[in-house]
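Okay, structure first, notes after.
Sequence lines set the chain letters: A, B, ... in the order given, protein chains first and strands last, and positions in each chain run from 1. Hydrogens, waters and symmetry mates are skipped; everything else that's a heavy atom, side chains included, is used.
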Number of protein chains: 2
Amino acid sequence: MAKHDIGFAAVARLAGVSNATVSNTLNRPEIVAPATRERVLAAIEELDFVPNRAAATLRQGTNRLIGLVIPDIANPFYSAIARGVTEAAAEHGYTVALCVSHDDPHLELRHFEMLAEHRAAGALVAPLTADASRLAQLRRVGSRLVLMDRTAPEGTGCSVAIDDVHGGELAVAHLLASPAPASDRSIVLVNGDLAIPQCADRREGARNAFIAAGLDPDDLREVTVDEMTVDSGRIAGRRIAAETPRPTGVFCTNDQLALGVIRGLNDGGLAVPDEVSVVGYGDLALAADGRVPLTTVEQPKDELGRVAVEILLAELGADRAAHEHVTRTLEPHLVVRESAPLPA
Amino acid sequence: MAKHDIGFAAVARLAGVSNATVSNTLNRPEIVAPATRERVLAAIEELDFVPNRAAATLRQGTNRLIGLVIPDIANPFYSAIARGVTEAAAEHGYTVALCVSHDDPHLELRHFEMLAEHRAAGALVAPLTADASRLAQLRRVGSRLVLMDRTAPEGTGCSVAIDDVHGGELAVAHLLASPAPASDRSIVLVNGDLAIPQCADRREGARNAFIAAGLDPDDLREVTVDEMTVDSGRIAGRRIAAETPRPTGVFCTNDQLALGVIRGLNDGGLAVPDEVSVVGYGDLALAADGRVPLTTVEQPKDELGRVAVEILLAELGADRAAHEHVTRTLEPHLVVRESAPLPA
DNA sequence: TTGAAAGCGCTAACAG
DNA sequence: CTGTTAGCGCTTTCAA
């Protein structure tokens, strides 16, 4: 990279010091006499010297590199996390290695091997499937891991997650709060596979909202879709429009689904929000700009990424043995838009 | 990362070979006798040995690491590129360092310094602003660069771009092709700042379409917005709805703008596509799912990323001096949806 | 086909 | 506060 590869030796010679002093000016400037420091810095400038991190990594056994392992960078949920991660990492002088797993265990493992070869300081992982054995496999690599958007089982490691139970509760409480008495309301939950922890949590929150309102959670009507996409949402929306009693509110566990449901409801002759309110989840960019701006639960994705970095760095600082695993939970917020306005 | 840091020496001892042979087994297996190779591999397995890339990098002076430098990873255009880049890089055994510049020249420079310290093989850069001096500064770092979504000036380096002139032409040709004779049509271009090369190119394409249809390009009506957002689009849409003659088609140079324009047009009492057709640009996820599915120009973003990686790797393979700079141009495609349907 | 040996550039004791 | 020194683990001639 640097033209003619210059090392500490050349800088030291030009500055008239030893290379230990060059190292110190770079890594612990405070212990170097100001005058010496100036001379070294001048020599560095003069020679266009670029320190070689590979050498430092080799010597120290660890690299200021963090792996970010996610299923898909084009998915806005993950790319928002990635933004938080890159910002926080840059602030701390760490480089981020972007590893996209496409949720392929083989690929994911290869990424971990690469990170290990680079002697990465650790990795932030957002696994799509909860497969415990895979996570165990990951930890086996020995690297420090922080799980994102998933809670690590009992002291197996650090993690940051979003409180989806609370998010589900916010959504349904809002649907229940509208003018008519709660008992007259009929709410439908459109959800994905309950094996996905997020789906199960959001449902639990929805049921909690019923309980808090003095209703029987089993009165929550549920529709399950195979894929959490606009298209399946639309099909679900049509079906819901045809059912009786006509629902007063629909909570979809993601925004794509909600967008589809609104269309499906419209297809079936129901107006949103005039006849039915719809709440989504996730607050994707498309939420605000759909045919009806979506009321949705906003997840602090940026913060999730930032916090993951901070937890990892804290873990690195701690004594290997002394370290207590940390689990942080972030709170989502309701963003009220037209698809489910505030009660009048 | 590896438990107790094992090196070639330990593997060599266990396999009863020298460490040169271990190195060869890993890097040039074909020159090692099969029996020997087996023994080495077994020892590696046995010891859970993870090679140390820092050592290799130190020795070789270069790292199998590619920097991806973009203004914003949460922007779907860039995250789509990132997907192509990570896929292609992984296929070639390269690691991707994600560097988000927020279009801050300082930050960008710091990222380049980091890449240089890591002895990265090169960097793929998508600069938001075309500032030539900044690009020159980047090349000064000495690293191999490939510009993305921008054409490198005359032999200054490699680049991959999308043919936005052609894209603009596709969009307006489609608007002009609808049933009524071309001469009865009135087209409005809603565009951002012409100082942005993409905006200028798309406009040029739009004018080319007029010429191709035998019309005077100066008859293309133009509206310029400050920001290319949904909100400014909406304002522009309202203004356009109030103008006479009423336009038959509107071409917006990005999808956010198009979404806003549709709303603004609706606000002004014009139905899309019944009274006015609207074409966007970019084919973001939100294009398909807005209030009216958007006809738009799809940019091959994934491919842009993949091609950038390939160009970089080709450049690395070539002799430093012998290398000819490569400029590739990718063709966009029109995706026809409801906002501007095919002529009946 | 395999081995011996010389560093790559940096850090971290330790001594001065 | 600064210098000396001994590697970190790998690649790469050069010989055998």
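- The interatomic distance linking Arg119(B) (CZ) with dG9(C) (P) rounds to 8 Å, in whole Å.
- Rounded to whole Å, atom P of dC10(C) lies 16 Å from atom CZ of Arg64(A).
- Summarising the geometry, the separation between CG on Asn52(B) and P on dC8(C) is reported as 18 Å, rounded to the nearest angstrom.
- The distance from atom CG of Asn19(A) to atom P of dC8(D) is 18 Å, rounded to the nearest whole Å.
- Rounded to whole Å, atom P of dG9(D) lies 17 Å from atom CG of Asn63(B).
- Residues satisfying the side chain to side chain contact (heavy atoms under 4.5 Å, CB included) criterion with Ala54(B), sequence neighbours excluded, are Thr57(A), Leu58(A), Asn52(B).
- With sequence neighbours left out, the side-chain hydrogen bond (donor to acceptor under 3.5 Å, both in side chains) criterion links Ser23(B) to Asn27(B).
- Nearest nucleotide to the Ser18(A) side chain, out of dT1(C), dT4(D), dC10(D): dT4(D).
- Annotation: proximity of residues 20-35 of chain B to DNA chain C (heavy atom, distance under 4.0 Å) is found for Ala20(B), Thr21(B), Val32(B), Ala33(B), numbered in ascending order.
- In this structure, His118(B) atom NE2 and dC10(C) atom C1' are separated by 15 Å, rounded to whole Å.
- OP1 or OP2 of dA12(C) sits under 4.0 Å from a side-chain N or O of Gln60(A).
- In this structure Glu331(A) satisfies the side-chain hydrogen bond (donor to acceptor under 3.5 Å, both in side chains) test together with His166(A), sequence neighbours excluded.
- For the ring pair (Phe, Tyr, Trp, His ring centres under 6.0 Å) condition, the pairs that include at least one residue of residues 8-27 of chain B, sequence neighbours left out, are Phe8(B)-Phe49(B).
- In this entry the distance linking CG of Leu58(A) with P of dC8(D) reads 9 Å, nearest Å.
- If you measure from atom CZ of Phe8(B) to atom P of dG3(C), you get 14 Å, rounded to the nearest angstrom.
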With a cut-off of 3.5 Å and sequence neighbours excluded, list every side-chain donor-acceptor pair involving residues 88-97 of chain A.
residue	atom	partner	partner atom	Å
Glu91(A)	OE1	Arg306(A)	NH2	2.9
Glu91(A)	OE2	Arg306(A)	NH2	2.8
Thr95(A)	OG1	His118(B)	NE2	3.1

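- Side-chain N or O atoms of Arg28(A) include none that pairs as donor or acceptor with a backbone N or O of Thr25(A) at under 3.5 Å.
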